[in-house]
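Structure first, then comments.
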Amino acid sequence: MTAFFYFYTMHIQTILTNYSSFQEQTLTNRFFKHEDILPLIKQLPPTFTISTLGNSVKGRSINAVKWGNGKTKVMLWSQMHGDEATGSMALFDLFNFLQQDNQTVKLLDENCQLLMIPMVNPDGAAVFTRRNAQQIDINRDFIQTASPEAKILKQIRADFEPNFGFNLHDQTTLWSVDETLKPATLSYLAPAYDKALSVNQTRENAMLVIADMFKELDPLLPQHIGLFDDEYEPRAFGDNFQHAGTSTILIEAGGYPNDPEKQQIRKYYFASILSGLTSIASKSYENQNTANYFAIPQNNKQIFHMMIHNLILDGIKVSVGVNYDECPNDNGMSTYKSYSIQDIGDLSFCDAYEVYDAQHCQLKGTITFNKAADFELLKDERSILAFKDGILTV
């Protein structure tokens, strides 16, 4: 196993170089729906076993895809939040990859049995919102299980009894990696199972797999991978699955420059999943050390969507941080951005996806902290940045 894993790690970049050969080409943005993925699931070959676990509030099927003949059981679930679709795209890329004839696929087939749920919250996906049709956050419904989606997810874990779990999410694009001033494109976490953030063997195994994942992905995505905030949430599935004995690995997709639909991020998300599965299949994680997990840089929030430097407000020179909330349009097929002023003052320790220099610029309008952006910035009488009631116009 160790020799093979070494061979694999030397060629993960080659796997990504051939990414187009297994990327699911029908999924090109984050707004796909339940009816878009059903044909993709139904056309999977007989090496995949398809089952319906139950239905959402509005009667949409929640489907599971099982693959592999090994002893180690791994459960992967995505889109508990309907507007967090990167993990789902990566799973469909994985379905295609698992149909290829190579040593990595053979290793996984011989050592793992995968159970994958690509869309836990199809009703939320339909309107591109976090919550389900009952307005419940499914990932805060483990204890009460008031939602049918939570009941289904809780039950399938109990029935399947996975050794490992991959909890696939998206995080806000405003998370950054400590001491880098770069977006946290990916974040990992072995969720806590108690308030004391204790580490038992179950959680340690998740940490060791993540250490392997970081080792493989950091050279491909340097300074863009962070460790997600380690805080116990008693209502969350990852924390409770960890407590139940499933070594649970959280993956979060954040931001990456010029990638609003996360088509570049999904490639690295796929690579994270594959790296983790290969670590489990080869048992290479057993040679890891938790110190390497805790050495992963922490997430923080030191970036803005936009930053304006050298702006004169009330007679003093300041920097202004502007962020947006991404809001779904009524059709659930797109979003609009609502911008607001999130900080004013010394922001020299921060960065942004877009940076503007207001030196020698004229400001029209008013900039007010925690209010909608409603101003125009002109240079040589030409508008270089403009907002109207929170909407970007230039």
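These figures come from a predicted structure and were not determined experimentally.
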If you compare all heavy atoms of [X] against all heavy atoms of [Y], which two are closest, and at what distance to 0.1 Å?
{"X": "Ala126", "Y": "Lys33", "value": "O-NZ, 3.4 Å"}
{"X": "Ile62", "Y": "Ile117", "value": "CG2-CG2, 3.9 Å"}
{"X": "Met80", "Y": "Ile138", "value": "O-CD1, 3.6 Å"}
{"X": "Tyr232", "Y": "Ala192", "value": "CD1-O, 3.6 Å"}
{"X": "Tyr188", "Y": "Ser272", "value": "OH-OG, 2.7 Å"}

Donor-acceptor pair between [X] and [Y] side chains, under 3.5 angstrom:
{"X": "Asn132", "Y": "Asn121", "result": "no"}
{"X": "His81", "Y": "Asp137", "result": "yes"}
{"X": "Thr248", "Y": "Asn167", "result": "no"}
{"X": "Asp178", "Y": "Asn300", "result": "yes"}
{"X": "Asp93", "Y": "Tyr19", "result": "yes"}
{"X": "Gln100", "Y": "Ser21", "result": "yes"}
{"X": "Ser147", "Y": "Gln134", "result": "no"}
{"X": "Asn63", "Y": "Thr52", "result": "yes"}
{"X": "Asp259", "Y": "Gln263", "result": "no"}
{"X": "Asn329", "Y": "Ser334", "result": "yes"}
{"X": "Thr202", "Y": "His243", "result": "no"}

Please report the C-alpha distance between Phe164 and Tyr285 in whole Å, then the side-chain angles of each, then the deciding distance to 0.1 Å, and finally whether the ring pair (Phe, Tyr, Trp, His ring centres under 6.0 Å) criterion is met. CA-CA 12 Å; Phe164 289 87; Tyr285 69 90; 5.6 Å; yes
A quick test of your reading: do over 12 heavy atoms of other residues, nucleotides or ligands sit less than 6.0 Å from [atom1] of [X]?
{"X": "Lys337", "atom1": "NZ", "value": "yes"}
{"X": "Asp330", "atom1": "CG", "value": "no"}
{"X": "Lys151", "atom1": "NZ", "value": "yes"}
{"X": "Gln144", "atom1": "CD", "value": "no"}
{"X": "Glu326", "atom1": "CD", "value": "yes"}
{"X": "Asp159", "atom1": "CG", "value": "yes"}

Does [X] reach the main-chain N or O of [Y] with its side chain, forming a donor-acceptor pair under 3.5 Å?
{"X": "Thr17", "Y": "Gln13", "result": "yes"}
{"X": "Glu84", "Y": "Asp170", "result": "yes"}
{"X": "Asp123", "Y": "Val57", "result": "yes"}

Are any of the side-chain nitrogens in Arg203 or Asp230 under 4.0 Å away from the carboxylate oxygens of its partner? yes
Side chains of [X] and [Y]: does their closest heavy-atom pair fall under 4.5 Å?
{"X": "Leu153", "Y": "Phe241", "value": "yes"}
{"X": "Phe166", "Y": "Leu277", "value": "yes"}
{"X": "Glu24", "Y": "Arg266", "value": "yes"}
{"X": "Phe22", "Y": "Leu94", "value": "no"}

Between Val127 and Ile37, is there a shared hydrophobic cluster once you connect ILVMFWY residues whose side-chain heavy atoms come closer than 4.5 Å? no
Would you kindly confirm whether Leu217 and Phe294 end up in one hydrophobic cluster when ILVMFWY residues are joined by side chain heavy atoms under 4.5 Å apart? yes
Residues that Lys106 engages under salt bridge (charged side-chain N to carboxylate O under 4.0 Å, His left out), provided they are two or more places apart: Asp101
Please list, chain by chain and in numerical order, all residues satisfying salt bridge (charged side-chain N to carboxylate O under 4.0 Å, His left out) with Asp351, sequence neighbours excluded. none
Look at the rings of Phe270 and Phe97 and say which category their plane angle falls in: under 30° parallel, 30 to 60° tilted, over 60° perpendicular. perpendicular
Under 3.5 Å, which donor-acceptor pairs link side chains of residues 369-393 to any protein atom two or more places apart or in another chain?
residue: Glu376; atom: OE2; partner: Ser383; partner atom: OG; Å: 3.0
residue: Thr393; atom: OG1; partner: Ala386; partner atom: O; Å: 3.2

Roughly how far apart are Gln242 CD and Ser198 OG, rounded to 0.5 Å? 11.5 Å
Separation of Tyr256 OH from Thr86 OG1 (nearest 0.5 Å): 14.5 Å
Given the rule in the side chain to side chain contact (heavy atoms under 4.5 Å, CB included) test, do Tyr269 and Lys262 qualify, once you have shown the distances and angles that lead to the verdict? CA-CA 10 Å; Tyr269 205 114; Lys262 303 196 176 185; over 6 Å; no
Centres of the Tyr324 and Tyr353 rings: under 6.0 Å? no
Is Lys154 positioned over the aromatic face of Phe237, cation under 6.0 angstrom from the ring centre and no more than 45 degrees off axis? no
Of His224, Glu252, Gln223, Gln264, the residue whose pairing with Thr185 passes side-chain contact (heavy atoms from CB on, under 4.5 Å): His224
Out of the candidates Asp229, Ile249, Leu250, only one should pair with Leu189 under the side-chain contact (heavy atoms from CB on, under 4.5 Å) rule; please name it. Leu250
